[in-house]
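Protein chains get the first letters and strands the later ones, always in sequence-line order, with residue 1 at the start of each.
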Amino acid sequence: GENVEQHPSTLSVQEGDSAVIKCTYSDSASNYFPWYKQELGKRPQLIIDIRSNVGEKKDQRIAVTLNKTAKHFSLHITETQPEDSAVYFCAASGSNAGKSTFGDGTTLTVKP
Amino acid sequence: EAQVTQNPRYLITVTGKKLTVTCSQNMNHEYMSWYRQDPGLGLRQIYYSMNVEVTDKGDVPEGYKVSRKEKRNFPLILESPSPNQTSLYFCASSLGGAKNIQYFGAGTRLSVL
């Protein structure tokens, strides 16, 4: 089955700096890669996603890049703000849309 | 309002006492899933359903049962709970297809004593 590895497990940055979280996946059939943000005590919510036919996608301060050959994808957050502090999860799914595999999560702390 | 509703939000029980966590969605989504979240282990999929009467195992199905008799409901059943099932549980639903965006419920925190 699919295996998703996420790094780092914790990340601390100063406000205004950039943050990068990386994930690798094992199943070359995976074709959909979402990122979820989970604030303390809340449910995970989608912040950005990318499909395998696209190399990069941006939405204001966040972007995701995908390297299909290397089987890795990354989340980039620029100009970080304290409200970006949360746990971020990457995930992968493929032809079986019901099956999703998540990374172990990255706890991002943005220090004011 | 589009939402996924789980009940109860908090549950404390004892080993071996059967329990059911309910999940309902009002978005007419085909797919529904159950996940458990444990510190450092991310979200692990327990079971998922592609439609009414169609379910399949996720990565950690042992000790759990599910059913999908109606499109909107997907209950999680623990027939004989054990302490290692103490966890935070999330139900999610999605349209499937090209963008499998998961919409999560608020979570159920379960403690098995």
When hydrophobic residues are tied together by side-chain contacts of less than 4.5 Å, even through go-betweens, does [X] share a cluster with [Y]?
| X | Y | value |
| --- | --- | --- |
| B:Y103 | A:V87 | yes |
| B:I77 | B:Y48 | no |
| B:V60 | B:Y89 | yes |
| A:V13 | A:I21 | yes |
| B:F74 | B:L78 | yes |

Check [X] against [Y] and note the closest heavy-atom contact, atom names and distance.
| X | Y | result |
| --- | --- | --- |
| B:V4 | A:R43 | O-NH1, 4.0 Å |
| A:Y36 | B:N100 | OH-O, 4.0 Å |
| A:G98 | B:S33 | O-OG, 3.8 Å |
| B:L43 | A:F102 | O-CB, 3.4 Å |

- [ ] Check the side chains of A:S100 and B:Q45 for a donor-acceptor pair under 3.5 angstrom, ignoring hydrogens and angles.
- [x] no

- [ ] Test A:Y32 against B:I101 for side-chain contact (heavy atoms from CB on, under 4.5 Å), laying out the working first.
- [x] CA-CA 9 Å; A:Y32 177 64; B:I101 301 171; 3.1 Å; yes

- [ ] Supply the atom-to-atom distance B:F90 CZ to A:Q38 CD, rounded to the nearest 0.5 angstrom.
- [x] 5.0 Å

Answer yes or no: are there more than 12 heavy-atom neighbours, outside [X] itself, under 6.0 Å from its atom [atom1]?
| X | atom1 | result |
| --- | --- | --- |
| A:E83 | CD | yes |
| B:R109 | CZ | no |
| A:K22 | NZ | no |

TODO: Output yes when A:K99 and B:D59 qualify as a salt bridge under the 4.0 Å nitrogen-oxygen rule, no when they do not.
DONE: yes

Task: chain B contact via A:E2 - which portion, at a heavy-atom distance below 4.5 Å - done: neither

TODO: Would you mind checking which part of A:P44 comes under 4.5 Å of any heavy atom in chain B, side chain (CB onward), backbone (N, CA, C, O), both or neither?
DONE: both

Task: Best-contacting candidate, B:Q37, B:R44, B:E30, B:M50, against chain A by heavy atom pairs under 4.5 angstrom - done: B:Q37

Task: B:Y35, part contacting chain A, at a heavy-atom distance under 4.5 Å - done: side chain

